There are 2 protein chains.
Amino acid sequence: MPYDPSAFPPFAVTVDLVVLTVRRHALCALAVRRGESPFQGRWALPGGFVRADEDLSQAAARELAEETGLRAHDPDAPAQEGGAHLEQLATYGDPKRDPRMRVVSVAHLALAPDLPAPRAGGDASNARWAPVEELLAQGGYGRDGEPVAPLAFDHAQILSDGVERARSKIEYSSLATAFCPPEFTVGELRRVYEAVWGVALDPRNFHRKVTGTPGFLVPTGGTTTRQGGRPAQLFRAGGATLLNPPMLRPEV
Amino acid sequence: MPYDPSAFPPFAVTVDLVVLTVRRHALCALAVRRGESPFQGRWALPGGFVRADEDLSQAAARELAEETGLRAHDPDAPAQEGGAHLEQLATYGDPKRDPRMRVVSVAHLALAPDLPAPRAGGDASNARWAPVEELLAQGGYGRDGEPVAPLAFDHAQILSDGVERARSKIEYSSLATAFCPPEFTVGELRRVYEAVWGVALDPRNFHRKVTGTPGFLVPTGGTTTRQGGRPAQLFRAGGATLLNPPMLRPEV
DNA sequence: GTGTTTATCGTCAGGCAGACGACTATGATC
DNA sequence: GATCATAGTCGTCTGCCTGACGATAAACAC
């Protein structure tokens with residue numbers, strides 16, 4: 001049977017990005033304000049159409065660079081300097097998810113260190129880092145008491161899935177280092193875990209665990225007091241990507 | 001800016017299925033023979049176009065039913081009788097993955113108990129359960145000594161990703177029961193783990209682990225000797241979906 | 001009955017995590 | 001400069017879980 005273009009319906013394919021970072025002890029996601037209908041004026045995840053000659057991961061990396069200036073790493077490589085971890089998250093294709101047409105969105109998850117203010121096409125008022133708790137508080141109220149409109153399209157679901165992926169993945173991988181600057185202390189890494197999981201961890205047990213896991217952390221020799229208190233050793237991410245045994249998330 | 005249909009390139013969207021089962025102590029996948037170009041005569045994963053009014057999970061469930069007669073379960077529900085576990089795996093969209101046109105494939109992973117011979121459009125010679133090891137032996141030789149052509153398209157990659165997902169997911173979830181009939185013994189469940197992981201497990205420690213995990217197994221009261229030896233208790237899958245602590249995969 | 005197979009219960013030692021005490025080295029404050 | 005607050009780092013102890021493996025139980029084949 002020869003190829004028949006009428007045998008399949010045409011779809012638009014987009015990539016949407018869940019870009020997570022840790023700011024001020026809170027897990028935050030990048031949100032952009034929609035300038036056009038539908039959902040005009042509402043907050044949404046950054047994203048865009050996949051181009052005709054582009055792979056999905058290329059499209060995601062391009063969108064990430066356009067929105068944040070970050071370069072993406074290979075998903076299987078350990079976190080390194082000056083870039084973000086980027087991996088495919090899941091694909092969303094409900095026929096009604098976009099009222100204009102049939103759109104299938106391949107969502108990606110990016111993890112980045114704390115960044116300067118975002119730029120969305122150069123217009124800062126149309127992009128921001130917002131605590132995920134706030135973005136997911138459907139119909140609730142933000143930190144400033146203003147009512148918060150839910151995210152556009154099915155982006156609340158996508159963000160929720162991305163956050164859950166990040167929460168579970170830092171358990172058994174060294175991915176939490178993707179939230180840290182190139183050199184970081186054990187305490188800074190612990191605050192990442194605490195922010196992502198929303199729990200408090202025992203500093204002593206955490207220190208024993210991460211320094212005792214071979215290949216997780218490599219001391220650089222330097223120290224810093226940027227967190228106050230006694231000077232802390234600086235580390236880089238080691239070559240290990242999988243933590244065995246995993247970091248245990250406290251119950252409840 | 002109004003909606004402009006020319007602003008995005010059209011894609012074909014398909015679902016491809018990695019359907020896994022355990023037969024004769026080996027992890028097997030469903031393969032179908034391609035009847036048309038490209039890759040005519042080669043083995044491939046079952047799949048097809050997503051219809052215009054269909055969600056991705058619906059399309060995957062429809063393809064699964066067409067190929068195997070199985071009904072799909074909700075991915076978050078524990079395994080139950082008469083159906084298969086079905087979940088989204090990943091999406092593959094390399095511009096060159098299909099030489100005819102731009103196709104984005106949303107791969108799904110299905111886990112099923114051992115089934116009767118498959119039916120591919122009623123033609124049994126065009127569908128079979130094959131050990132994944134054999135399907136992934138690129139350019140190697142199958143069990144019968146015949147040379148084996150690699151799977152069509154990027155289906156070897158998709159199958160490989162699906163197998164890895166299954167291998168890791170039975171560690172921390174009760175998903176291994178999806179490979180079992182509605183009632184099964186601890187030994188049968190252990191043989192599932194052994195087939196999927198390709199290792200031997202200690203029957204005594206395995207028994208202690210699975211019977212000691214609350215909500216994993218529920219005794220039905222019956223016994224069976226279908227495996228020979230001393231009669232074994234029969235169990236159903238319990239309500240628990242996550243195993244904590246996980247089942248540990250032996251090193252190396 | 002004897003041997004084989006599979007299921008099931010027990011024991012023991014080692015490893016790891018949670019709880020928490022103790023000490024150290026900075027900056028901030030009086 | 002003494003004191004305090006803040007973080008970081010090292011230890012100890014206890015309990016749980018796992019891996020290794022001995023022992024017993026209940027079926028079937030001969």
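Predicted, not measured: the structure shown is a model, and the values here were computed from it. Letters A, B, ... are given to chains in the order of the sequence lines, protein chains preceding strands, and every chain is numbered from 1.
- Judged as a ring-ring contact (aromatic ring centres under 6.0 Å, His included), and not counting sequence neighbours, A:His108 has no contacts.
- Annotation: cation-pi pair B:Arg24/B:Trp129 absent, no NZ/CZ under 6.0 Å from the ring centroid and within 45° of its normal.
- To the nearest 0.5 Å, atom CD of residue B:Glu188 and atom CG of residue B:Leu234 are 7.5 Å apart.
- Taking the side chain to side chain donor-acceptor pair (under 3.5 Å) definition, one finds that B:Arg230 meets it with nothing, sequence neighbours left out.
- Atoms CG (A:Leu234) and P (D:dG8) sit 11 Å apart, rounded to a whole Å.
- No side-chain N or O of B:Tyr92 forms a donor-acceptor pair with one of B:Asp16 less than 3.5 Å apart.
- Looking at A:Val132, A:Val192, A:Thr21 one by one, the single match for side-chain contact (heavy atoms from CB on, under 4.5 Å) with A:Leu27 turns out to be A:Val132.
- Using a 4.0 Å heavy-atom criterion, one finds that A:Arg190 contacts the sugar-phosphate atoms exclusively.
- Between B:Arg191 and B:Val22 there is no side-chain heavy-atom pair separated by less than 4.5 Å.
- For DNA chain C, the contact window with chain B, defined by any atom under 4.0 Å from a protein heavy atom, covers C:dT5 to C:dT11 in 5' to 3' order.
- By the ring-ring contact (aromatic ring centres under 6.0 Å, His included) test, A:Tyr172 is found to be paired with no residue, residues two or more places apart in sequence or in another chain being considered.
- Both A:Met247 and B:Val186 lie near DNA chain C, and the one whose nearest nucleotide falls closer to the 5' end is B:Val186.
- Near DNA chain D, meaning a heavy atom under 4.0 Å from it, residues 200-217 of chain A has A:Arg204, A:His207, A:Arg208 in order of number.
- For the atom pair CH2 of B:Trp43 and CD of B:Glu134, the computed distance is 10.0 Å after rounding to the nearest 0.5 Å.
- Note that NE2 of B:His155 is 10.0 Å distant from CG of B:Leu17, once rounded to the nearest 0.5 Å.
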With 3.5 Å as the limit, what N/O pairs link the protein to nucleotides 25-30 of chain D?
residue	atom	partner	partner atom	Å
D:dA25	O4'	B:Arg230	NH1	3.4
D:dA25	N3	B:Arg230	NH1	3.4

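- Straight-line distance from the CD atom of A:Glu194 to the C1' atom of D:dA7: 12 Å, rounded to whole Å.
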